[in-house]
Visitor: 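Have a look at this one before I ask anything.
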Protein chains: 2
Amino acid sequence: MNGKEQLDQARERVIETMAQNMNLYGVTDSIGRLYGMLYFHDEPMTLDDMKEELGMSKTSMSTSVRHLLELKMVEKVWKKGIRKDLYKVEEDWYQSFTDYFNIKWRYGIARNILAIEKSMTELNKLVASEDTDEEVRAEAKADLMKLQNALNYYDWIERFIDCLESGKIFEIVPRKEH
Amino acid sequence: MNGKEQLDQARERVIETMAQNMNLYGVTDSIGRLYGMLYFHDEPMTLDDMKEELGMSKTSMSTSVRHLLELKMVEKVWKKGIRKDLYKVEEDWYQSFTDYFNIKWRYGIARNILAIEKSMTELNKLVASEDTDEEVRAEAKADLMKLQNALNYYDWIERFIDCLESGKIFEIVPRKEH
DNA sequence: CTGTTCGTACAGTTTTTACTGTACAAACAA
DNA sequence: TTGTTTGTACAGTAAAAACTGTACGAACAG
């Protein structure tokens with residue numbers, strides 16, 4: 001097959017940089033490489049296919065795919081007559097971008113908000129209490145202001161993600177048609 | 001100092017979750033904790049202060065601060081009469097959010113675009129060449145379409161980051177005033 | 001039911017990353 | 001100049017993460 005090596009080389013280059021890029025989504029290079037490889041495969045793949053293609057253990061493929069599923073960057077495909085699970089990449093990268101924020105950022109922020117609210121309750125008590133040392137009270141008040149700012153920021157982030165999720169962002173920053 | 005423990009406990013809780021959240025920015029928990037600690041310190045701190053406060057080595061403080069500087073999440077402060085370097089957090093979290101994309105995402109995408117363009121050039125040659133096997137040619141053509149889509153997506157991301165950087169995003173998703 | 005096949009939990013290993021202590025260069029003080 | 005102080009490079013160590021192989025439960029085939 002004349003030209004096969006050049007084809008593979010061209011793919012490999014893209015896959016490698018894509019994989020490093022995907023660190024931004026919190027996945028390792030090797031998971032990124034798996035994604036990239038799947039990206040260039042037009043047919044859905046089984047874990048054994050991937051294992052074969054990347055020369056890694058099936059266990060690794062299993063956990064890597066799980067990561068990508070969690071991020072909704074790959075999806076399971078059903079095909080009658082085939083017992084093995086099949087996977088393919090989510091083709092819509094805009095969707096993947098949005099999903100990332102929806103999954104990772106929203107989750108992180110929710111946890112953070114809980115912690116902040118709990119601490120604010122405690123600090124309010126501290127400020128209200130007569131037993132509290134004056135210096136401590138002053139610090140607590142300052143902290144309360146900081147935490148309120150933090151809450152405001154998280155509120156903004158949530159609305160920002162809403163803006164992505166609803167697709168409103170595309171009114172401001174339109175998709176490039178081609 | 002009555003109430004000091006409660007104050008510290010309230011802070012610690014927030015710092016810990018904040019630190020984990022900062023994994024989203026690609027920094028470790030311990031760097032996140034340093035950031036959180038700095039966040040609650042109203043006065044700028046020296047490396048030795050941090051080392052003392054966190055019970056870690058000065059070397060660690062040095063490299064951690066460097067990471068945070070790179071992300072523009074902390075900044076150096078000059079104070080006359082003090083020889084040691086002083087650092088404080090960037091208070092504007094909206095700015096930090098924008099900076100993160102500007103620094104990390106733009107960089108990654110730029111690298112990726114270069115790789116894609118190079119591969120597209122090669123693939124175009126491959127498609128044009130008469131020596132190329134027909135099957136390979138077909139795959140190369142399919143790849144070219146995929147890569148063009150990728151370029152379109154990266155173009156969108158760049159415009160998206162422009163939208164953050166210019167502050168236009170705040171017209172759509174306004175800051176919460178309080 | 002018994003045989004396979006498939007995906008994954010788990011334990012163990014390898015690799016990578018985070019962290020420390022030392023040593024040293026640069027900047028300053030005297 | 002010489003003596004300090006400060007930040008960081010570097011090498012070594014400790015901790016964490018990635019990866020592998022085995023073993024096993026679940027799903028299906030016959």
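All values below come from the heavy atoms of this structure, side chains included, with hydrogens, waters and symmetry mates left out. Below, chain A is the first sequence line, B the second, and so on; all start at residue 1.
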Visitor: Does the structure place the NZ or CZ of A:R175 under 6.0 Å from the centre of the six-membered ring of A:Y94, at an angle of no more than 45° from the ring's axis?
Guide: yes
Visitor: Find the distance B:L54:CG to C:dA18:P and express it as a whole number of Å.
Guide: 16 Å
Visitor: Let me know, please, whether A:K76 or B:T28 comes out on the 5' side of the other along DNA chain C by nearest nucleotide.
Guide: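 The residue closer to the strand's 5' end, by nearest nucleotide, is A:K76.
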Visitor: Among D:dA29, D:dT5, D:dG7, which nucleotide sits nearest the side chain of B:D48?
Guide: D:dG7
Visitor: Is it the case that the ring center of A:F160 lies less than 6.0 angstrom away from the ring center of A:W105?
Guide: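 Judged by ring-centre distance (under 6.0 Å), A:W105 and A:F160 do not meet the cut-off.
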Visitor: Starting from P on C:dC28, measure out to CG on B:D85 and report it in whole angstrom.
Guide: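 Interatomic distance, CG of B:D85 to P of C:dC28: 11 Å.
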Visitor: A:E122 pairs by side chain to side chain donor-acceptor pair (under 3.5 Å) with which of B:Q9, B:R13, B:Q6?
Guide: B:R13
Visitor: When you check the gap from the basic side-chain N to the acidic O, do A:D42 and B:K146 get nearer than 4.0 Å?
Guide: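 So A:D42 pairs with B:K146 through a salt bridge.
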Visitor: Hey, does the side chain of B:K84 come within less than 4.0 Å of D:dG7's phosphate (OP1/OP2), counting only N and O?
Guide: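 Checking B:K84 against D:dG7: no side-chain N or O falls below 4.0 Å of OP1 or OP2.
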Visitor: Between the protein and nucleotides 21-25 of chain D, are there any N/O to N/O pairs under 3.5 Å, and if so, what are the atom names and distances?
Guide:
{"residue": "D:dG21", "atom": "N7", "partner": "A:T59", "partner atom": "OG1", "Å": "3.4"}
{"residue": "D:dG21", "atom": "O6", "partner": "A:T59", "partner atom": "OG1", "Å": "3.0"}

Visitor: If I take atom CE in residue A:M61 and atom C1' in nucleotide C:dA9, what distance separates them, rounded to the nearest angstrom?
Guide: 17 Å
Visitor: Check the side chains of B:N112 and A:N21 for a donor-acceptor pair under 3.5 angstrom, ignoring hydrogens and angles.
Guide: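 Result is yes, a qualifying pair exists.
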Visitor: Taking atom P of D:dT20 as reference, at what distance in whole Å does atom CE of A:M56 sit?
Guide: 4 Å
Visitor: Is any side-chain N or O of A:S60 closer than 4.0 Å to OP1 or OP2 of D:dC19?
Guide: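 False: A:S60 side-chain N/O out of range (4.0 Å or more) of D:dC19 OP1/OP2.
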Visitor: Knowing that exactly one of B:Y35, B:F97, B:Y100 qualifies, which makes a ring pair (Phe, Tyr, Trp, His ring centres under 6.0 Å) with B:Y25?
Guide: B:Y100
Visitor: Could you state the CH2-C1' distance from B:W78 to D:dT6, rounded to the nearest angstrom?
Guide: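 Taking atom C1' of D:dT6 as the reference, CH2 of B:W78 is at 12 Å.
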Visitor: Between atom NZ in B:K58 and atom P in D:dT8, what is the gap in whole Å?
Guide: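 For the pair B:K58 NZ and D:dT8 P, the rounded distance is 9 Å.
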Visitor: Can you tell me if A:R66 touches the phosphate of C:dA9, counting only side-chain N or O atoms and a distance under 4.0 Å to OP1 or OP2?
Guide: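 Checking A:R66 against C:dA9: at least one side-chain N or O falls below 4.0 Å of OP1 or OP2.
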